[in-house]
Amino acid sequence: ENFHHWKLDHNEGDKWRIEAMPGAHGREMLDPNVHKYFVTSYGPCFKSQLITLQNEGYWNQLMDEKRPEIVVKDWYAARFDCGCRYELTVRLLSEDYLVLEEFHPEPVVIEQWSDAMWREISHTFQNYPAGVRYIWFQHGGQDTQYWAGWYGIRVTNSSITIGPMTL
């Protein structure tokens, strides 16, 4: 679906691109159902999605009283031959788009001549404040050697799962 569900927040350098697994100097993912990935360039590339929970079947009373776990996962990898940087930010937002809770780990910097393995990052939101109406998910990065083309971080198989009740 290309970038149909994504907002391109930063699309610099040679911009975002979609490539087929494993890509140049890359590796296959363990999940045989994943065949493509997004790749960044030498300028900052970040894309986001804003999920309206009510549109996905999660009504306000459920989110306020039961507060089910919200599990966020993303997969990222570098090329073997170029260093890069990966960032992820996930925010739980109120009806007025105020940040109620945020997951923003330190950026991951992968050096040149890495193993090019796909790695999963995961976070579970639990016992968050009542009033969550939206989830904002943003990821991206760039290569660290400023090479023209698509040598930056690769991302794929992003997911948000709203799971069993925690209260």
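Bear in mind the structure is a predicted one, so any value in this text is a computation, not a measurement. The figures here come from the full heavy-atom set of this structure, side chains too, leaving out hydrogens, waters and symmetry mates.
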Problem - Donor on one side chain, acceptor on other, Tyr86 and Asp74, under 3.5 Å - result: yes
Handout entry: Ring centre gap for Phe3 and Phe38 strictly below 6.0 Å
Key = yes
Practice task
Count the heavy atoms belonging to other residues, nucleotides or ligands that lie under 6.0 Å from CD of Glu12, then report whether that count exceeds 12.
Solution key: yes
Handout entry: Stepwise side chain to side chain donor-acceptor pair (under 3.5 Å) test for Tyr37 and Glu19
Key = CA-CA 6 Å; Tyr37 58 84; Glu19 294 181 349; 2.5 Å; yes
Practice task
Quick one: do Val71 and Ser122 satisfy side-chain contact (heavy atoms from CB on, under 4.5 Å)? Show the steps, please.
Solution key: CA-CA 7 Å; Val71 180; Ser122 176; 4.2 Å; yes
Handout entry: Donor-acceptor pair, side chain of Arg119 and main chain of Met117, under 3.5 angstrom
Key = yes
Problem - Polar side chain donor-acceptor pair, Arg133 to Asn60, under 3.5 angstrom - result: yes
Problem - Near-ring test Phe80/Trp113, centroid separation under 6.0 angstrom - result: yes
Distance-only donor-acceptor hits, side chain of residues 42-58, under 3.5 Å, sequence neighbours excluded:
unit_1	atom_1	unit_2	atom_2	d
Lys47	NZ	His139	NE2	2.7
Ser48	OG	Asp9	OD1	3.2
Ser48	OG	Asp9	OD2	2.8

Problem - Gap between atom NZ of Lys15 and atom CH2 of Trp150 - 0.5 Å precision - result: 10.5 Å
Problem - Carboxylate-amine/guanidinium proximity below 4.0 Å for Arg67 and Glu65 - result: no
Handout entry: Ser94 side chain vs Gly131 backbone, donor-acceptor pair below 3.5 Å
Key = no
Exercise for the section: Please confirm whether the backbone N or O of Asp115 pairs with a side-chain atom of Arg27, one donor and one acceptor, at under 3.5 Å? Expected result: yes
